[in-house]
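Because the structure is predicted, anything quoted here is derived from the model rather than measured.
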Amino acid sequence: MLDQRYRWKNKQIRDHVAIVSGHKSPTLLLKNARFLHSILRKWIVGNIWIHDDRIVYAGDKMPDNIHDCEVMDCKGLTLVPGYIEPHVHPFQLYNPQTFARYASQTGTTTIINDNIMLVLLSGKKKAFSLLKQLRHSPVSMYWWSRFDSQTELREEETVFSHSEVKSWLEHDAVLQGGELTGWPKLLDGDDLILHWIQEAKRMRKRIEGHFPGASEKTLAKMMLFGADCDHEAMTGKEVYDRLLQGFTVSLRHSSIRPDLPVLLKEMNELGINQYQSMFFNTDGSTPAFYEDGILDMTIRMALENGIPTIDAYHMASYNVARYYNIEHLHGMIATGRVASINFLESEMNPTPIHVLSKGIWLKKDGAATVQDQYINWDEAGFPPLELNWKLDHDDLQFSMPFGIEMVNDVITKPYSVTYDVSVDELPTDHNESFLVLLDRKGEWRTNTIVKGFADKVMGFASSFSNTGDIILIGKNKEDMAIAFNRMKEIGGGIVLVENGEVIHEIPLTLAGVMSDKDMETLIEEEKQLKNLLKERGYPFGDPVYSLLFFSATHLPYIRITQQGIYDVMNKTVLFPTIMR
């Protein structure tokens with residue numbers, strides 16, 4: 001998408017028509033191409049004419065004029081539309097640009113991104129400037145508009161004000177409102193959220209739900225409020241319940257919920273054999289999960305589970321484009337669409353050997369070819385984290401008789417602290433650790449005990465969190481302080497310390513939340529972090545999501561937030577934050 005009101009200027013469209021008339025040459029001709037025609041729902045053989053970033057013709061004809069044209073004989077290859085990932089949280093250590101670059105190599109050429117970190121950390125003016133820069137990426141990028149923070153912010157009414165949300169909804173790169181993690185507020189009578197839903201619907205934009213475990217009646221109510229889609233089905237029956245109420249179902253396969261094989265199996269057992277109201281998502285997984293692919297991985301699972309071939313590809317392309325009302329641009333190989341095409345050795349192998357995106361070769365013969373210009377992240381509102389305050393002795397004082405216990409990677413419940421926590425180091429014969437949430441501006445803190453994170457992690461600091469505030473965990477206060485100071489020194493990140501020594505770190509130099517390193521490097525850094533934490537007693541699968549969701553009030557039961565220790569079910573602050 002260019003910096004203009006319309007995708008193509010009048011002169012460009014006239015040039016496209018002139019190519020069909022034979023007066024001008026296309027820039028790329030794909031001849032003898034066996035390609036998926038999404039409207040006819042069949043494989044056809046023909047010729048595809050491309051000019052710059054647009055398909056100007058797809059059919060039997062050859063162009064009359066090819067004097068300025070690259071010609072590629074596609075005999076023996078199978079062509080499918082570029083894949084569309086509809087549910088990306090582009091801040092899970094990686095950033096929107098590095099994720100897009102990596103995703104394109106396995107065929108994902110259109111991405112629909114969560115905007116929450118842009119809202120929380122950069123502000124509207126800088127965020128919109130970043131969106132403008134990202135429009136020049138060879139990967140097509142679109143966005144959501146969040147209606148809530150999925151935590152308890154100290155000044156949420158100013159962060160998610162009516163004017164801020166409405167400005168996001170009106171932006172032409174924003175395709176939907178949501179995801180609705182704050183839907184209980186909607187059910188309880190929050191008419192501001194309902195108004196934003198109404199505005200999104202008036203603008204012909206979609207509403208993404210977040211309804212884990214919702215009953216049929218709750219699903220019906222959310223449909224009446226205006227929700228269009230939900231990605232929280234965890235069983236085949238829950239897929240059926242959502243389809244029954246008229247929802248589009250986004251089938252999730254992610255690092256925290258790798259559900260797709262179960263969903264496909266149970267859908268088949270229930271006799272669900274139509275797939276036009278479904279598509280795939282990977283729900284913002286952490287880096288190492290993507291080592292084996294992104295949407296190509298989900299298509300492969302569908303094929304292995306007996307999903308008809310064309311439906312499997314449509315659930316990663318055409319169905320998504322049709323749902324978001326962008327099928328005039330994306331999701332099919334046809335005249336007038338953006339030239340984003342994956343070239344496969346076989347329809348049974350969805351990982352492409354060549355990738356064309358916006359008419360640009362991003363992968364040729366299995367190797368990356370073109371990369372976009374690096375974003376200036378400082379100007380976009382994501383400079384290295386600067387903390388102009390120091391951690392002091394009082395910040396590591398613990399006396400609360402009440403702590404939080406980890407049930408799994410992301411669920412925490414309350415428990416009574418029975419150990420003496422007034423000491424400087426807790427013993428390693430139990431799995432209770434000190435836990436502190438510190439304001440990134442240094443104005444407040446919340447201290448408690450976490451049970452179940454690990455039994456031998458001595459000092460751990462992270463500026464990666466749900467809100468960008470600082471998390472400290474550990475058995476030893478001195479090691480926790482060393483981890484904090486090292487995290488501060490490197491401009492934000494995740495630091496693990498033991499016996500006074502830093503044993504691992506992941507610098508997150510973009511506001512302390514995201515890395516500027518490529519995905520391949522991050523994958524290795526995250527894998528090393530997981531291994532080190534598991535060796536020290538972390539019992540779950542995804543520590544990065546644990547850090548993200550310590551403050552996430554869209555999950556039960558007890559959370560540590562900017563307002564203090566928060567009881568989600570009763571909507572009550574149990575212990576408020578302490579001002580520093």
Visitor: Would you please name every residue forming a side chain to side chain donor-acceptor pair (under 3.5 Å) with E199, sequence neighbours left out?
Guide: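 Partners of E199 by the side chain to side chain donor-acceptor pair (under 3.5 Å) criterion, ordered by chain and then number, come out as R202.
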Visitor: Might you work through the side chain to side chain donor-acceptor pair (under 3.5 Å) test for T428 and D455, ending with a clear yes or no?
Guide: CA-CA 5 Å; T428 58; D455 55 11; over 6 Å; no
Visitor: If I take atom CG from residue L385 and atom CD from residue E489, how far apart are they, to the nearest 0.5 angstrom?
Guide: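 Reported to 0.5 Å precision, the distance equals 13.0 Å.
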Visitor: Run K124 and S167 through side chain to side chain donor-acceptor pair (under 3.5 Å) and show every step you take.
Guide: CA-CA 8 Å; K124 181 176 66 178; S167 294; 3.2 Å; yes
Visitor: Kindly state whether the ring of F549 and the ring of H554 have centres lying under 6.0 angstrom apart.
Guide: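 F549 vs H554: aromatic centres under 6.0 Å.
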Visitor: Hey, is the main chain of T286 close enough, under 3.5 Å, to the side chain of D542 for a donor-acceptor pair?
Guide: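 Between the backbone of T286 and the side chain of D542 there is no qualifying donor-acceptor contact (under 3.5 Å).
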Visitor: Please confirm whether the backbone N or O of E152 pairs with a side-chain atom of E156, one donor and one acceptor, at under 3.5 Å?
Guide: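 Here the side-chain-to-backbone pair does not exist.
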Visitor: Can you name the side chain to side chain contact (heavy atoms under 4.5 Å, CB included) partners of K441, sequence neighbours left out?
Guide: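 Partners of K441 by the side chain to side chain contact (heavy atoms under 4.5 Å, CB included) criterion, ordered by chain and then number, come out as D439, E443.
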Visitor: Could you pull out all donor-acceptor pairs under 3.5 Å where a side-chain atom in residues 178-192 meets a protein atom, sequence neighbours excluded?
Guide:
residue : atom : partner : partner atom : Å
E179    : OE1  : H210    : ND1          : 2.6
E179    : OE1  : H231    : NE2          : 3.1
E179    : OE2  : H87     : NE2          : 3.3
T181    : OG1  : D148    : OD1          : 3.3
T181    : OG1  : D148    : OD2          : 2.7
W183    : NE1  : H210    : O            : 2.6
D190    : OD1  : L192    : N            : 3.0
D190    : OD1  : I193    : N            : 3.2

Visitor: Can you list every pair that meets ring-ring contact (aromatic ring centres under 6.0 Å, His included) and has a residue in residues 509-541, with sequence neighbours left out?
Guide: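 Applying ring-ring contact (aromatic ring centres under 6.0 Å, His included) to every pair that reaches into residues 509-541, excluding sequence neighbours, yields F453-Y538, Y538-F540.
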Visitor: Walk me through whether K527 and E291 qualify under salt bridge (Lys or Arg N to Asp or Glu O under 4.0 Å).
Guide: CA-CA 11 Å; K527 285 164 63 176; E291 193 168 23; 3.2 Å; yes
Visitor: Judged by atom type as modelled, is there a donor-acceptor pair below 3.5 Å linking the side chain of R445 to the main-chain atoms of D394?
Guide: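 Yes, because the side chain of R445 sits within donor-acceptor range (under 3.5 Å) of the backbone of D394.
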Visitor: With no hydrogens and no angle check, is any side-chain donor or acceptor of S285 less than 3.5 Å from a backbone partner on S255?
Guide: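 Checking the backbone N and O of S255 against the side chain of S285, a donor-acceptor pair under 3.5 Å is found.
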Visitor: Between V450 and M406, is the side-chain contact (heavy atoms from CB on, under 4.5 Å) condition met? List the steps.
Guide: CA-CA 7 Å; V450 59; M406 298 182 68; 4.0 Å; yes
Visitor: List for me each residue that meets side chain to side chain contact (heavy atoms under 4.5 Å, CB included) alongside E498, sequence neighbours excluded, and say none if there are none.
Guide: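 Here the qualifying residues are M458, I503, R536.
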Visitor: Can you tell me if S463 uses its side chain to pair, donor with acceptor, with the backbone of G493 under 3.5 Å?
Guide: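 At least one qualifying donor-acceptor pair exists.
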Visitor: Looking at residues at least two apart in the chain, or sitting in another chain, which of them share a side chain to side chain donor-acceptor pair (under 3.5 Å) with H162?
Guide: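 Checked H162 against side chain to side chain donor-acceptor pair (under 3.5 Å); matches are W196.
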Visitor: Within this structure, what is the OG1-CD distance for the pair T412 and E405, rounded to the nearest 0.5 Å?
Guide: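 It comes to 10.0 Å.
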Visitor: F289: what forms a ring pair (Phe, Tyr, Trp, His ring centres under 6.0 Å) with it, not counting sequence neighbours?
Guide: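 F289 satisfies ring pair (Phe, Tyr, Trp, His ring centres under 6.0 Å) with H253 once adjacent residues are dropped.
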Visitor: Applying side chain to side chain donor-acceptor pair (under 3.5 Å) to D409 and S546, what does each step give before you reach the verdict?
Guide: CA-CA 5 Å; D409 308 66; S546 294; 5.0 Å; no
Visitor: Taking atom CZ of R559 and atom CG of D567, what is their separation to the nearest 0.5 Å?
Guide: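 One gets 11.5 Å once the value is rounded to the nearest 0.5 Å.
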Visitor: Does N531 have any side chain to side chain contact (heavy atoms under 4.5 Å, CB included) partners at least two apart in sequence or in another chain, and if so, which?
Guide: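 Testing N531 for side chain to side chain contact (heavy atoms under 4.5 Å, CB included), a comparison that skips the adjacent residues, returns none.
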Visitor: Would the number of heavy atoms belonging to other residues, nucleotides or ligands and lying under 6.0 Å from CD of E155 be above 12?
Guide: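 Open.
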Visitor: Nearest 0.5 Å please: distance from the NZ atom of K205 over to the CD atom of E170.
Guide: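 Between atom NZ of K205 and atom CD of E170 there are 8.0 Å.
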Visitor: Show, in sequence, the C-alpha distance, side-chain angles and deciding distance for K477 and E425, and conclude whether the salt bridge (Lys or Arg N to Asp or Glu O under 4.0 Å) test is met.
Guide: CA-CA 6 Å; K477 292 180 180 179; E425 181 172 334; over 6 Å; no
Visitor: Apply ring-ring contact (aromatic ring centres under 6.0 Å, His included) to residues Y142 and Y324 and explain how you reach the verdict.
Guide: CA-CA 11 Å; Y142 296 96; Y324 283 106; 8.7 Å; no
Visitor: So, the side chain of Q176 versus the backbone of W144: is there a donor-acceptor pair under 3.5 Å, distance only?
Guide: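 Answer holds: no.
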Visitor: Look up atom CD in E524 and atom CG in L529, then write down how far apart they are to the nearest 0.5 Å.
Guide: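 With rounding to 0.5 Å, CD (E524) is 13.0 Å from CG (L529).
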Visitor: Kindly indicate, with the supporting measurements, whether the criterion side-chain contact (heavy atoms from CB on, under 4.5 Å) is fulfilled by L130 and S122.
Guide: CA-CA 10 Å; L130 174 62; S122 70; over 6 Å; no
Visitor: Quick one: closest heavy-atom pair of A100 and M141, and the distance?
Guide: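 A100 and M141 have their closest heavy atoms at CB-CE, 3.4 Å.
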Visitor: Can you tell me if CE on M569 sees more than 12 non-hydrogen neighbours from other groups inside 6.0 Å?
Guide: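 Not buried by this count: 12 neighbours or fewer within 6.0 Å.
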Visitor: Tell me if the aromatic rings of W377 and F91 count as close, with their centers under 6.0 Å from one another.
Guide: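 When the ring centroids of W377 and F91 are compared, they turn out to be at least 6.0 Å apart.
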Visitor: Distance from F382 atom CZ to K126 atom NZ, nearest 0.5 Å?
Guide: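 Here the interatomic distance stands at 10.0 Å.
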Visitor: For S357, which residues count as a side chain to side chain contact (heavy atoms under 4.5 Å, CB included) partner, sequence neighbours excluded?
Guide: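 For S357, the residues satisfying side chain to side chain contact (heavy atoms under 4.5 Å, CB included) (neighbours in sequence not counted) are T109, S340, L362.
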Visitor: I'd like to know if the side chain of S433 and the backbone of I473 have a donor-acceptor N/O pair within less than 3.5 Å.
Guide: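 It does not hold such a pair.
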Visitor: Checking S416 against F402 for the side-chain contact (heavy atoms from CB on, under 4.5 Å) test, could you report, in this order, the C-alpha distance in whole Å, the side-chain angles of both residues, the deciding distance, and whether it holds?
Guide: CA-CA 5 Å; S416 296; F402 176 93; 5.9 Å; no
Visitor: Quick one: which of N466, L438, L435 gives a side-chain contact (heavy atoms from CB on, under 4.5 Å) with I471?
Guide: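 So, applying the side-chain contact (heavy atoms from CB on, under 4.5 Å) to I471 and each of N466, L438, L435, only L435 qualifies.
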Visitor: Decide whether a cation-pi geometry holds between R101 and Y374; the criteria are a distance under 6.0 Å from NZ or CZ to the six-membered ring centre and an angle within 45° of the ring axis.
Guide: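 Geometry flag: set, cation within 6.0 Å and 45°.
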Visitor: Which residues pass the side chain to side chain donor-acceptor pair (under 3.5 Å) test with T467, not counting sequence neighbours?
Guide: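 T467 satisfies side chain to side chain donor-acceptor pair (under 3.5 Å) with D469 once adjacent residues are dropped.
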Visitor: Quick check: closest heavy atoms across T98 and M519, and the distance to 0.1 Å?
Guide: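 Taking every non-hydrogen atom into account, O-CG, 3.6 Å.
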Visitor: List in chain and number order the residues that pass side chain to side chain donor-acceptor pair (under 3.5 Å) with D259, two or more places apart in sequence or in another chain; answer none if no residue qualifies.
Guide: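 Listed in chain order: R257.
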Visitor: Counting only heavy atoms from other residues, nucleotides and ligands, does the tally under 6.0 Å from CZ of F128 exceed 12?
Guide: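 Enclosed: over 12 neighbouring heavy atoms sit under 6.0 Å from CZ of F128.
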Visitor: Has K517 got a side-chain atom pairing as donor or acceptor with L522's backbone, closer than 3.5 angstrom?
Guide: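 No, the answer is negative, given that no donor and acceptor are paired below the 3.5 Å cut-off.
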Visitor: Would Y557 and I404 count as a side-chain contact (heavy atoms from CB on, under 4.5 Å) here? Give the steps.
Guide: CA-CA 9 Å; Y557 295 90; I404 63 175; over 6 Å; no
Visitor: Tabulate below the donor-acceptor pairs under 3.5 Å that side-chain atoms of residues 571-578 make, not counting sequence neighbours, or state none.
Guide:
residue : atom : partner : partner atom : Å
T572    : OG1  : N570    : O            : 2.8
T577    : OG1  : R154    : NH1          : 2.9

